[in-house]
Each structure stands twice: as C-alpha cells, then as structure tokens.
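Inspection log for the structure reproduced underneath, given as structure tokens.
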Amino acid sequence: MAQHAEALADLVAHNREHLHAYLPAVLPLACVGDALGYLEAAAGRAASADVLEWHVFSGTALCGSIRLKDIDATDRKARIGYYLGRQFLGRGIASAAVRAVLAHAFGALQLHRVELQCAAGNHASMAVAERLGFTHEGVLRQGELLHGVFVDLHVYALLQPDFVPDGATLPI
C-alpha cells in the first residue's frame with residue numbers, strides 16, 4: 001500500500017471539504033509524507049491483525065479506503081468503516097467495497113458480526129448499510145465528538161447468517 005501514498009495524498013487534498021464533514025482525522029493525509037507514514041503504520045496494524053485496511057479503486061484511480069477495525073477474534077466481531085472521494089459517490093463503489101470486505105470478514109476471518117457506525121447526518125452511509133442488509137440497532141446518543149460538537153451515532157450490524165454475497169472478492 002505504501003506505493004499509493006502520492007495517490008492517497010492527492011485524493012484527500014482534492015476532497016478536503018467533503019472529508020472534513022465526517023472524517024476530519026483523514027485530512028492530514030493530504031501531505032505525501034503523512035500519507036506514507038500512515039500507510040506504513042497500516043501495514044504494521046495489518047501484520048498484527050488489529051486493523052485490516054484496503055484501498056478502493058475505480059479502474060486505476062484510487063477512490064477511497066475501507067477497513068475492518070476493533071477485530072475481536074474471540075467474540076468473532078469487528079467494525080467496518082470507509083470513505084470515498086466525492087467524485088466517486090453514487091456509482092455503487094461503496095456498496096461493492098463493503099460487500100467484498102464483508103465476504104472476507106464472514107468467510108476467511110470467520111467473523112459472526114460486523115458493525116457499522118455513522119454520524120446522524122451521514123445519510124449516504126446509512127443508505128449503504130440499509131442497502132446491504134444491515135439492521136439498524138439504535139443510536140448512541142452524542143457518541144462522537146465531531147468538530148467540537150457531540151453528535152449521535154447510528155449503529156448498524158450485520159450477522160454472518162444474514163449476509164448475502166454476490167460474488168465480490170478481495171485481492172488478498
């Protein structure tokens with residue numbers, strides 16, 4: 001993934017306003033050096049199985065990132081998160097990427113539960129969760145500090161028996 005540092009920095013730089021709304025922690029990656037450092041750290045987290053992260057491409061264009069985090073092998077659960085550049089929204093890319101990671105999570109990793117959390121105003125992520133069959137389990141009131149304000153988080157989860165794969169796979 002380190003070879004994608006320049007493309008990642010460019011993606012973030014061109015989507016600062018878009019990413020700022022819900023993922024301000026991503027903004028420092030607009031600098032190639034910071035992006036490279038992040039990608040090297042991501043490789044280390046993957047080696048220890050703490051966090052697994054993949055880049056999402058549309059053709060040869062890097063359009064975002066997706067990750068499994070808080071992976072708990074004992075209770076067989078994890079959380080999923082992702083982002084795309086604004087220019088890649090509305091094409092089904094997020095749904096396809098989430099479906100591919102779910103196939104890996106429920107298949108190779110043998111997880112039983114994958115949770116997706118998103119801020120109350122993030123209607124696009126809510127739609128992805130609902131489209132893929134996640135169940136809305138509730139709201140964590142003021143569950144995240146975003147831009148100095150506590151916002152509610154919608155909690156969605158999908159269980160392995162409820163997952164309907166469509167042939168999507170990850171290049172692992």
Side-chain angles (χ1 to χ4, degrees), residues 1-71 78-111 114-119 121-134 146-147 156 158 160 163-172:
M1 271 203 319
Q3 70 271 24
H4 302 146
E6 189 172 332
L8 177 59
D10 188 53
L11 175 72
V12 173
H14 286 92
N15 285 276
R16 291 185 71 79
E17 184 177 321
H18 167 66
L19 294 170
H20 182 263
Y22 299 111
L23 292 168
V26 173
L27 297 180
L29 303 182
C31 167
V32 175
D34 288 343
L36 181 59
Y38 175 83
L39 294 173
E40 289 170 349
R45 289 189 301 270
S48 66
D50 292 335
V51 176
L52 301 177
E53 187 165 346
W54 298 268
H55 283 144
V56 179
F57 287 85
S58 177
T60 60
L62 176 65
C63 57
S65 180
I66 187 165
R67 67 158 77 177
L68 281 174
K69 63 181 186 172
D70 301 330
I71 300 169
R79 290 179 34 207
I80 194 167
Y82 57 89
Y83 65 87
L84 294 178
R86 179 182 295 281
Q87 65 271 40
F88 299 103
L89 299 178
R91 299 185 194 177
I93 295 169
S95 294
V98 171
R99 184 175 278 117
V101 170
L102 290 170
H104 182 66
F106 293 136
L109 298 180
Q110 298 185 333
L111 297 181
V114 175
E115 187 175 292
L116 184 153
Q117 295 182 359
C118 55
N122 192 342
H123 301 290
S125 282
M126 289 181 208
V128 168
E130 291 165 4
R131 188 176 308 115
L132 295 176
F134 281 73
L146 188 61
H147 308 299
Y156 293 85
L158 185 65
Q160 186 277 328
F163 176 60
V164 179
D166 74 344
T169 59
L170 287 173
I172 302 297

Between L89 and H18, is any pair of side-chain heavy atoms under 4.5 Å apart?
-> yes

Using side-chain contact (heavy atoms from CB on, under 4.5 Å) as the criterion, list what pairs up with H14, not counting sequence neighbours.
-> D10

For Y22, side-chain contact (heavy atoms from CB on, under 4.5 Å) partners two or more places apart | A119, N122, L146

Which word best sums up how the rings of F163 and F106 line up, parallel for under 30°, tilted for 30 to 60°, or perpendicular for over 60°?
-> tilted

Rounded to the nearest 0.5 Å, what's the gap from CD on Q87 to CG on N15? Could you check?
-> 4.5 Å

Validation row: L158, L132 side chains within 4.5 angstrom (heavy atoms) = no

Minimal heavy-atom distance between A30 and V12, with the atoms involved, is N-CG1, 3.7 Å

Rounding to 0.5 Å, atoms CD (E17) and NE2 (H20) come to a distance of 9.5 Å

Report the distance from atom CD of E130 to atom OH of Y156, rounding to the nearest 0.5 Å.
-> 4.0 Å

What heavy-atom pair brings R131 and S95 nearest, and what distance separates the two atoms?
-> NH1-OG, 2.8 Å

Who are the side-chain contact (heavy atoms from CB on, under 4.5 Å) partners of I71, not counting sequence neighbours?
-> L52, L68, A78

Please determine if R99 forms a cation-pi arrangement with Y82, meaning its NZ or CZ atom is less than 6.0 Å from the six-membered ring centre and no more than 45° off the ring axis.
-> no

Here the gap from I80 atom CD1 to I66 atom CD1, rounded to the nearest 0.5 Å, amounts to 4.0 Å

